[in-house]
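Worksheet: the structure to be examined is printed underneath.
All residue numbers in this chain count up from 1 along the given sequence.
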Amino acid sequence: MRVTEWLRRLSWPLPWWYLPLPAVAVFVIALAGTWESLSWPYQEWQYTSAQFHQQTALAAPVCAAWAAVVAGRLTAPSRIFALPMGRRVGVPVVRQHLAQLGTTLLGGYLLGLAPLVAVTVVDAEFGGPDLPVMVSGLLGLTAAVTVGYLLGVLARTALIAPVPFLLFFAFAVAGSGDDTYAAVLPVLHVDPELGQVENPVMVVFRCAFFLLVTIAAGLIAAQVLTHRVPRPRAGLATAATFTAVPAVLAVLGISTTPDLFRIPPDPPRQCAERHGIEYCVHQGHASQLDDLIAALDPVFTARGPQEQVKRVYDRALLFADPLTVPETTHVAVLAPNIPPASEASFVADKLAGIYGCVERYPHGGAESGGDHPYDRARDLASWLMHGGHAVDDANSFRGLDTDTMREWMTAHFDAIRTCSLDTVELPS
């Protein structure tokens with residue numbers, strides 16, 4: 001009963017649930033958006049830090065809409081507690097409303113992200129939190145609250161709520177499309193990966209922009225409330241001044257978007273060698289090195305000595321200059337939600353000439369065991385991926401021993417590479 005009474009006093013003259021309800025909604029949004037990642041075998045601070053702004057995609061529209069509801073209910077001049085000539089109309093009332101809204105909504109948002117931060121503290125193998133990136137997300141959410149509040153003040157009714165919701169949802173969609181608006185919107189169209197960091201210049205710009213939008217929207221709301229009566233247009237010049245700076249920054253950010261990410265030089269690595277193949281992963285993926293070797297070694301062992309792939313490198317090591325990666329290097333994509341075992345199929349496809357078949361026969365073959373060169377290449381890839389065993393009864397290479405297959409693959413290397421297995425006799 002005491003909690004309800006405290007909430008009633010805090011939210012007066014609105015019902016006591018006006019503040020807890022949106023906080024719970026934002027908490028659920030943030031928690032649901034990161035729930036799947038909580039079960040990943042390891043975490044990356046780049047991803048966790050980015051979620052502070054990525055999860056605003058839905059949280060910001062909800063916050064803006066609810067702020068508009070509160071402003072529409074509390075600042076309409078017809079309300080007895082918001083009379084235009086009241087002593088606290090203007091900055092004091094705006095400051096109080098935004099403080100309550102910001103504390104409640106950002107508190108719910110942070111609680112929703114807390115489990116992800118906790119598991120990252122425990123399970124991350126490299127680096128630490130990127131605090132400026134995290135702050136940029138919180139400032140973006142604060143800007144959404146303040147702009148939504150301003151729209152409620154201007155509309156004088158809570159019925160305006162769908163407008164800020166749709167407005168900020170459209171912003172999220174625009175940010176998810178490409179990097180055109182990345183400097184002025186919280187949501188990026190791609191998450192950073194290990195081996196990348198969000199561009200510090202852009203992060204600082206985003207923080208400054210969101211902060212200026214927050215200040216401008218709050219001051220304009222105060223001006224509107226202060227000058228409603230008897231001079232409803234007296235604050236227009238001041239409001240225009242407040243809007244000018246963030247507007248100029250928005251134009252600058254959209255017209256000169258910097259790179260989203262910066263690539264740190266010489267990333268730390270951990271390497272090992274197995275059967276003549278060098279394996280290297282980023283230090284943040286060190287726990288995945290043994291699993292990667294265990295997944296790929298049977299493929300290379302089944303193939304035997306070859307020159308197509310001599311190195312397997314983690315993509316997190318190669319962001320600096322991906323175009324100079326030698327053809328004999330297989331680039332492994334390691335991520336917390338992708339098991340290293342999935343790389344076996346890609347290596348098997350390369351050794352079996354599948355990539356040549358994709359170029360030569362874009363529509364593919366018919367079926368396993370068929371005479372089409374694409375079918376034979378797929379059968380060979382399957383045989384390699386399963387460590388020299390054909391798991392399909394129709395596989396063209398079922399029952400053949402490893403030594404016979406190695407000799408045949410070496411003798412017909414060019415036919416395999418160019419997807420021309422219909423021109424050679426299969427081993428027996």
Side-chain angles (χ1 to χ4, degrees), residues 25-40 42-65 105-121 123-124 127-145 147 165 167-207 209-211 213-214 253 257-262 284 316 319 335-338:
V26 173
F27 166 79
V28 171
I29 289 171
L31 183 61
T34 57
W35 183 260
E36 181 181 356
S37 59
L38 299 180
S39 61
W40 288 349
Y42 63 97
Q43 301 292 331
E44 297 175 357
W45 275 113
Q46 284 84 350
Y47 174 85
T48 296
S49 300
Q51 296 315 297
F52 277 71
H53 57 71
Q54 295 296 78
Q55 294 304 319
T56 63
L58 187 55
V62 170
C63 290
L105 295 174
L106 265 67
Y109 188 67
L110 288 172
L111 285 176
L113 292 172
L116 178 61
V117 174
V119 297
T120 306
V121 170
D123 296 334
D130 193 333
L131 294 180
V133 170
M134 293 175 168
V135 170
S136 73
L138 299 180
L139 289 175
L141 199 62
T142 304
V145 171
V147 171
F165 181 90
L167 177 65
F168 279 90
F169 187 77
F171 288 161
V173 172
S176 302
D178 54 36
D179 61 356
T180 302
Y181 306 101
V184 295
L185 297 178
V187 180
L188 300 182
H189 74 282
V190 62
D191 291 323
E193 301 180 32
L194 185 66
Q196 300 173 322
V197 294
E198 293 192 36
N199 189 341
V201 174
M202 192 181 73
V203 172
V204 171
F205 183 93
R206 282 154 59 92
C207 288
F209 176 74
F210 298 147
L211 181 61
V213 169
T214 299
T257 302
D259 294 333
L260 292 182
F261 307 121
R262 181 176 62 84
F319 282 121
N337 59 334
I338 302 177

(Q) Could you go through H53 and V133, starting from their C-alpha distance and side-chain angles, then the distance that decides it, and tell me whether this counts as side chain to side chain contact (heavy atoms under 4.5 Å, CB included)? (A) CA-CA 8 Å; H53 57 71; V133 170; 3.6 Å; yes
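- Here L211 contributes atom CG and S136 contributes atom OG; the two are 12.5 Å apart, rounded to the nearest 0.5 Å.
- Closest of all the heavy-atom pairs between D123 and Y42 is O-CB, 3.8 Å.
- One finds the OH atom of Y47 at 7.0 Å from the OG1 atom of T34 (value rounded to the nearest 0.5 Å).
- Between V26 and C63, some side-chain heavy-atom pair lies under the 4.5 Å cut-off.
- When side chains are defined from C-beta on, L141 does not count as touching L105, because their heavy atoms never get closer than 4.5 Å.
- Ring pair F205/F209 is parallel by interplanar angle, where below 30° counts as parallel and above 60° as perpendicular.
- Under the salt bridge (charged side-chain N to carboxylate O under 4.0 Å, His left out) criterion, no residue pair touches residues 171-181, with sequence neighbours excluded.
- W45 is listed as a side-chain neighbour of T120, based on a closest heavy-atom distance under 4.5 Å.
- With values rounded to the nearest 0.5 angstrom, L185 atom CG is found 9.5 Å from F168 atom CZ.
- Side-chain N or O atoms of Q43 include one that pairs as donor or acceptor with a backbone N or O of S37 at under 3.5 Å.
- In this structure, Y109 and F52 have perpendicular ring planes: the angle between them is above 60°, well past the 30° mark.
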(Q) side chain to side chain contact (heavy atoms under 4.5 Å, CB included), that's the test. Do V213 and F210 meet it? Break it down for me. (A) CA-CA 5 Å; V213 169; F210 298 147; 5.6 Å; no
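- The two atoms that bring F169 and P61 nearest to each other are N-CG, 3.5 Å, heavy atoms only.
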Q | side chain to side chain contact (heavy atoms under 4.5 Å, CB included) evaluation trace for L106 with T142 | A | CA-CA 8 Å; L106 265 67; T142 304; 3.4 Å; yes
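- Contact between C207 and L139 at its shortest, heavy atoms only, is O-CD1, 3.6 Å.
- Contact detail for G137 and T56: the closest heavy-atom pair is O-CG2, 3.9 Å.
- What you find for R206 and P186 is that their closest heavy atoms are NH2-O, 2.8 Å.
- In this structure, M202 and D259 approach most closely via the heavy-atom pair SD-O, 4.5 Å.
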Determine all donor-acceptor pairs shorter than 3.5 Å in which one atom belongs to a side chain in residues 187-195; sequence neighbours excluded.
residue: D191; atom: OD1; partner: Q54; partner atom: NE2; Å: 2.9
residue: E193; atom: OE1; partner: R315; partner atom: NH2; Å: 2.7
residue: E193; atom: OE2; partner: R315; partner atom: NH2; Å: 2.9

Q. Could you walk me through whether M134 and L131 pass the side chain to side chain contact (heavy atoms under 4.5 Å, CB included) check?
A. CA-CA 5 Å; M134 293 175 168; L131 294 180; 4.0 Å; yes
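- More than 12 heavy atoms of other residues, nucleotides or ligands shown are found within 6.0 angstrom of CZ on F261.
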